[in-house]
Amino acid sequence: MSFVQIENVTKSYTKNKVLDKVSLTIEEGEFITLLGPSGCGKSTLLRAIAGLNDIDTGAIIIGGKDITCMPPKKRNIGMVFQSYALFPNMTVYDNIAFGLKMDGLSKKQIIPLVEEMLDVIDLRGKENHYPNQLSGGQQQRVALARALVKKPTVLLLDEPLSALDAKIRRILRNEIRRIQQRLNMTTVFVTHDQEEALSVSDRIYIMNHGTVEQVGTPNEIYNKPRTEFVARFIGNYNVWSRDQVESASLNGAPVQGNMFAVRPEAIQLFELRDADPLTDYTASGTITFMTILGNVIRYEINVDGLNVKVDRLNDLGLDSLNVGSVVKLNIPLEEWKHIEKTV
Ligand code: ADP
Ligand code: MG
């Protein structure tokens, strides 16, 4: 039995079904991510775990105990939101200590717990600062400490990085992951950012319209998208129907299947002068767009009206490909991933 079991949870607001028989499991110490577009029900599910909203049917079981009807206070679940929601008139120390004070712990009991947390979030020396004297990233670390100091059974993080700028976001997500691993904290992280999800999670639950579309490790999700929705959402996949493949005369597609996803980095690109005249290439086309992403150059190629995305390592001026260049493409057979159409 898993540490956390969410079983067939359904929730509607008036006629709007927001969660439709959602089931998921979380092992002790595992970091899972709910990934999906805005409005797919991620926060509703998180709030249901915390007990902040009730559910219509289903069960929530933590540590073998059915907590579906337990009041939020008794669940001992930690939660961090996008807005840091710190008390502005309290110091860092008092913000972290607040929940422990409310629980009636003595000063003597509180001090070592808060100090431990200051170390965990690396804000020793800032304990007497007020929130407005801290950066956004530091404030979010305090919010994290405030949740962790009570040693929750499960930590819930609802888009905790969304209000921060890109660089801090990347640093803090790694920090959250390190802290989570160090404390072996069972964690549910919510995001709509696929890169964030891929980089920190043990497993990802991809949600769409109140249902779970696919579950897997980051590698499984990225390399084996099950549906069109996942392929489009998780990466920069080319998604083609059999009709598109045939009308653009792309060669070499699998004999079976009606819908395919192909990773842009898996497509081989050849300058015309380097193409082997004896090879049966998948297609030829013309570059219509190119953009340098740093280590990778992304091309868009028009193949009989079909837009094909190709990524190549940016190996310093080794080729002369440009918008307007005619190229040959090759897609190895194993790179055609079969996916289900999403309606
Ligand atoms: P996410 O966190 O994935 O963006 P939410 O769980 O916040 O999605 O919302 C899912 C859907 O439920 C949305 O369509 C939203 O408008 C609706 N919803 C959320 N909370 C309420 C509420 N309290 N009353 C009515 N509808 C709500
Ligand atoms: Mg949300």
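Every number for a ligand or one of its atoms is a count from 1 in the order of the listing. What you see is a predicted model; the values in this text were computed from it and never measured.
No side-chain N or O of Thr288 forms a donor-acceptor pair with one of Asn302 less than 3.5 Å apart. Between the side chains of Ser2 and Glu27, a donor-acceptor pair is found at a separation under 3.5 Å. In this structure, a donor-acceptor pair under 3.5 Å is absent between the side chains of Asp193 and Thr191.
Counting heavy atoms under 4.0 Å from ligand 1, residue Val18 touches it through the side chain alone.
Taking the six-membered ring where the residue is Trp, Trp336 and Phe260 present perpendicular rings, their angle passing 60° and hence far from 30°.
The closest approach between any non-hydrogen atom of Gly36 and ligand 1 is not below 4.0 Å. Between Asn16 and ligand 1 there is a heavy-atom distance shorter than 4.0 Å.
Nearest protein neighbour of atom 20 (N) of ligand 1, counting heavy atoms only, is Tyr13 CE1, 3.4 Å. Atom 9 (O) of ligand 1 has its closest protein heavy atom at Thr44 OG1, 3.8 Å. Looking from atom 13 (C) of ligand 1 to the surrounding protein, the closest heavy atom is Gly39 O, 3.9 Å. Scanning all protein heavy atoms for the shortest distance to atom 7 (O) of ligand 1 gives Ser43 CB, 3.7 Å.
Looking at Asp94 and Lys101, a side-chain N of the basic residue comes within less than 4.0 Å of a carboxylate O on the acidic one, giving a salt bridge. Between Glu195 and Arg173, at least one side-chain nitrogen of the basic residue sits less than 4.0 Å from a carboxylate oxygen of the acidic one, meeting the salt-bridge criterion. Between Arg177 and Asp202, at least one side-chain nitrogen of the basic residue sits less than 4.0 Å from a carboxylate oxygen of the acidic one, meeting the salt-bridge criterion.
Less than 4.0 angstrom separates some heavy atom of Ser38 from each of these atoms of ligand 1: 4 (O).
Remark: atom 16 (O) of ligand 1 lies closer than 4.0 Å to no protein heavy atom. Inside a 4.0 Å radius of atom 25 (C) of ligand 1 there is at least one protein heavy atom.
With distances taken over non-hydrogen atoms, the option nearest atom 3 (O) of ligand 1 out of Lys11, Lys42, Glu159, His192 is Lys42.
Residue Ser38: no N/O/S atom is found under 2.8 Å from the Mg ion (ligand 2).
Because its NZ or CZ atom is not both nearer than 6.0 Å to the ring centre of Tyr222 and within 45° of the ring axis, Arg263 does not count as a cation-pi partner of that residue.
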